Peer 1: 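Shown below is the structure under consideration.
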Amino acid sequence: MTIPSALVREARQRAGLSQKELAERAGTSQPAIARIESGRGSVTLATLTRMVAAAGFELVMELSPGGVDDAVIAAYRRDVDRSLLRHNLQRSVDERLRAGAEMVTAGHELSRAVRTAAGRSGRPK
Amino acid sequence: MTWLERLLGALADAGVEYILVGGMAARAHGSARLTQDVDISYARSDANLARIVAALAPLEPYLRGAPPGLPFDWSAGTLRHGLNFTLTTTSGDIDLLGEIVGGGRYEDLLPHSTVVPVFGHEIRILDLPWLIRVKRAAGRPKDLEVVAELEVLREEIERGGA
């Protein structure tokens with residue numbers, strides 16, 4: 001799936017339109033819409049703008065400094081605890097998922113206990 | 001049995017066509033992060049919508065965060081008229097995703113998924129490269145933090161960690 005195809009599909013779905021309805025609004029055919037949404041073939045910027053507009057949206061493009069996400073990810077990577085990952089990789093998939101589910105349940109129970117204790121002591125919950 | 005086993009078991013027993021994505025898929029691959037809900041990309045065929053309804057009905061699905069008592073019709077028709085649903089059930093929270101940013105629909109993700117035995121069922125899970133891809137596409141700060149962990153996880157796997 002390409003970005004233009006995803007944009008057209010999202011615009012159409014958010015507008016609650018069928019492919020046929022969007023085609024009629026955009027002055028094209030339903031197979032043309034289907035082709036665009038499937039990601040087959042290229043779409044010009046003008047066509048993309050027209051399709052999105054036909055669904056009632058405006059296509060906004062802007063420049064963004066490159067590599068920002070990569071810099072953030074690189075910063076986060078330094079804090080990843082590899083020992084936890086290695087430990088998990090020694091477990092089976094069942095064990096990984098079961099342990100996660102049990103920790104979530106324990107977290108909920110702990111939250112409930114804290115709320116109950118706060119209620120008993122008269123503090124705001 | 002944990003809430004997760006009950007939830008995934010219900011989907012498997014009903015034959016629901018879906019791909020496990022999001023934090024629980026990351027957890028299955030080896031992530032150390034905890035996630036409180038199950039995210040699935042589901043097939044939108046009428047037959048599959050009926051399977052989802054049948055699978056989750058006993059678990060009393062309800063719109064997560066909605067005020068109690070709000071009318072909610074749990075039916076294939078409701079699923080057909082929407083796309084993404086965030087639900088709470090008696091066996092945990094589940095997000096039904098008709099389409100995900102950077103990944104598309106169930107059919108788009110299918111070639112990038114792998115079948116893994118989980119809790120006695122064959123469950124389809126989004127593969128690690130595409131999990132990283134969709135998290136990157138989501139692009140929120142918390143997603144980038146996940147991407148960092150998943151990239152390190154991929155390195156560990158390539159080094160023979162699993």
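Below, chain A is the first sequence line, B the second, and so on; all start at residue 1. Every value quoted in this text rests on a predicted model; they were computed, and no experiment measured them. The analysis underlying the following values was restricted to heavy atoms, covering all of them including side chains, and did not include hydrogens, waters or symmetry mates.
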Peer 1: Atom CG of Asp70(A) and atom CG of Leu144(B): how far apart are they, to the nearest 0.5 Å?
Peer 2: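 Separation between the atoms: 9.0 Å.
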Peer 1: Show, in sequence, the C-alpha distance, side-chain angles and deciding distance for Asn88(A) and Arg27(B), and conclude whether the side chain to side chain contact (heavy atoms under 4.5 Å, CB included) test is met.
Peer 2: CA-CA 9 Å; Asn88(A) 261 359; Arg27(B) 181 88 196 166; 4.1 Å; yes
Peer 1: Starting at CD of Gln13(A), measure out to CG of Asn84(B) and round the result to the nearest 0.5 Å.
Peer 2: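 Gln13(A) atom CD to Asn84(B) atom CG measures 9.0 Å (nearest 0.5 Å).
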Peer 1: Should Arg77(A) and Glu145(B) be marked as a side chain to side chain contact (heavy atoms under 4.5 Å, CB included) after you check the CA-CA gap, both sets of side-chain angles, and the distance that decides it?
Peer 2: CA-CA 8 Å; Arg77(A) 281 177 59 109; Glu145(B) 197 172 352; over 6 Å; no
Peer 1: Membership question, hydrophobic clusters at under 4.5 Å side-chain separation (ILVMFWY): are Ile40(B) and Leu4(B) in the same one?
Peer 2: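 Looking at the clustering, Ile40(B) is in the same group as Leu4(B).
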Peer 1: Would you please test Glu155(B) and Arg82(A) for salt bridge (Lys or Arg N to Asp or Glu O under 4.0 Å) and show each step?
Peer 2: CA-CA 10 Å; Glu155(B) 287 174 7; Arg82(A) 286 178 183 264; 2.7 Å; yes
Peer 1: Mind ranking Ala74(A), Ala101(A), Ala75(A) by heavy-atom pairs under 4.5 Å with chain B and telling me who comes out on top?
Peer 2: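 Most heavy-atom pairs under 4.5 Å with chain B: Ala101(A).
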Peer 1: Between Val93(A), Asp81(A), Asp94(A), who has the most heavy-atom pairs with chain B when the cutoff is under 4.5 Å?
Peer 2: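 Highest number of pairs under 4.5 Å: Asp94(A).
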Peer 1: List the steps and the verdict of side chain to side chain contact (heavy atoms under 4.5 Å, CB included) for Phe119(B) and Leu97(A).
Peer 2: CA-CA 9 Å; Phe119(B) 302 143; Leu97(A) 291 177; 3.8 Å; yes
Peer 1: Return the option, out of Val101(B), Thr35(B), Leu83(B), Val152(B), with the maximum number of heavy-atom pairs under 4.5 Å with chain A.
Peer 2: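 The residue among Val101(B), Thr35(B), Leu83(B), Val152(B) with the greatest pair count is Val152(B).
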Peer 1: What part of Val118(B) is in contact with chain A, defined as an atom under 4.5 angstrom from a non-hydrogen atom: side chain, backbone, both or neither?
Peer 2: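 Both backbone and side chain.
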Peer 1: Calculate, to the nearest 0.5 Å, the distance between atoms CZ and CG belonging to Arg33(B) and Leu84(A) respectively.
Peer 2: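 So the gap between those two atoms works out to 11.5 Å.
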Peer 1: Run the side chain to side chain contact (heavy atoms under 4.5 Å, CB included) check on Thr105(A) and Thr2(B) step by step: do they pass?
Peer 2: CA-CA 9 Å; Thr105(A) 300; Thr2(B) 65; 5.9 Å; no
Peer 1: Side-chain heavy atoms under 4.5 angstrom apart, residues restricted to Ile, Leu, Val, Met, Phe, Trp, Tyr: same cluster for Ile100(B) and Ile94(B)?
Peer 2: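 Looking at the clustering, Ile94(B) is in a separate group from Ile100(B).
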Peer 1: Taking side chain as everything from C-beta outward and backbone as N, CA, C, O, which of these in Glu10(A) sits under 4.5 Å from a heavy atom of chain B? Side chain, backbone, both or neither.
Peer 2: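 Contact with chain B involves no heavy atom of Glu10(A) at all.
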Peer 1: Less than 4.5 Å apart, any side-chain heavy atom of Val147(B) and any of Tyr76(A)?
Peer 2: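 When only atoms from C-beta onward are counted, Tyr76(A) and Val147(B) do not touch, as no gap falls below 4.5 Å.
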Peer 1: Distance check, rounded to the nearest 0.5 Å: Ile73(A) atom CD1 versus Glu149(B) atom CD?
Peer 2: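 If we round to the nearest 0.5 Å, Ile73(A):CD1 and Glu149(B):CD are 13.0 Å apart.
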Peer 1: Answer with side chain, backbone, both or neither: which region of Leu34(B) has an atom nearer than 4.5 Å to a non-hydrogen atom of chain A?
Peer 2: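 For Leu34(B), side-chain heavy atoms alone lie under 4.5 Å from chain A.
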Peer 1: Roughly how far apart are Arg98(A) CZ and Glu5(B) CD, rounded to 0.5 Å?
Peer 2: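 The CZ atom of Arg98(A) sits 4.0 Å away from the CD atom of Glu5(B).
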Peer 1: Hey, quick one: are Leu128(B) and Leu20(B) part of the same hydrophobic cluster, counting side-chain heavy atoms closer than 4.5 Å, chains of contacts allowed?
Peer 2: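 Unlinked, Leu128(B) and Leu20(B) end up in two clusters.
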Peer 1: Are Ile125(B) and Ile157(B) connected in a single hydrophobic cluster, I mean Ile/Leu/Val/Met/Phe/Trp/Tyr linked by side-chain heavy atoms less than 4.5 Å apart?
Peer 2: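 Ile157(B) and Ile125(B): separate clusters.
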Peer 1: For the candidates His108(A), His87(A), Met103(A), which exhibits the highest count of non-hydrogen atom pairs separated by less than 4.5 Å from chain B?
Peer 2: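 That would be Met103(A).
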Peer 1: Name the region of Arg91(A), side chain, backbone, both or neither, that has any atom closer than 4.5 Å to a heavy atom of chain B.
Peer 2: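 It is the side chain, since no backbone atom gets that close.
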Peer 1: Given the rule that I, L, V, M, F, W and Y join up when any side-chain heavy atoms are under 4.5 Å apart, are Leu89(A) and Leu126(B) in one cluster?
Peer 2: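 Yes, Leu89(A) connects to Leu126(B) through the hydrophobic network.
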Peer 1: For the atom pair OG (Ser38(A)) and CD (Glu107(B)), what is the distance rounded to the nearest 0.5 Å?
Peer 2: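 Reported to 0.5 Å precision, the distance equals 12.5 Å.
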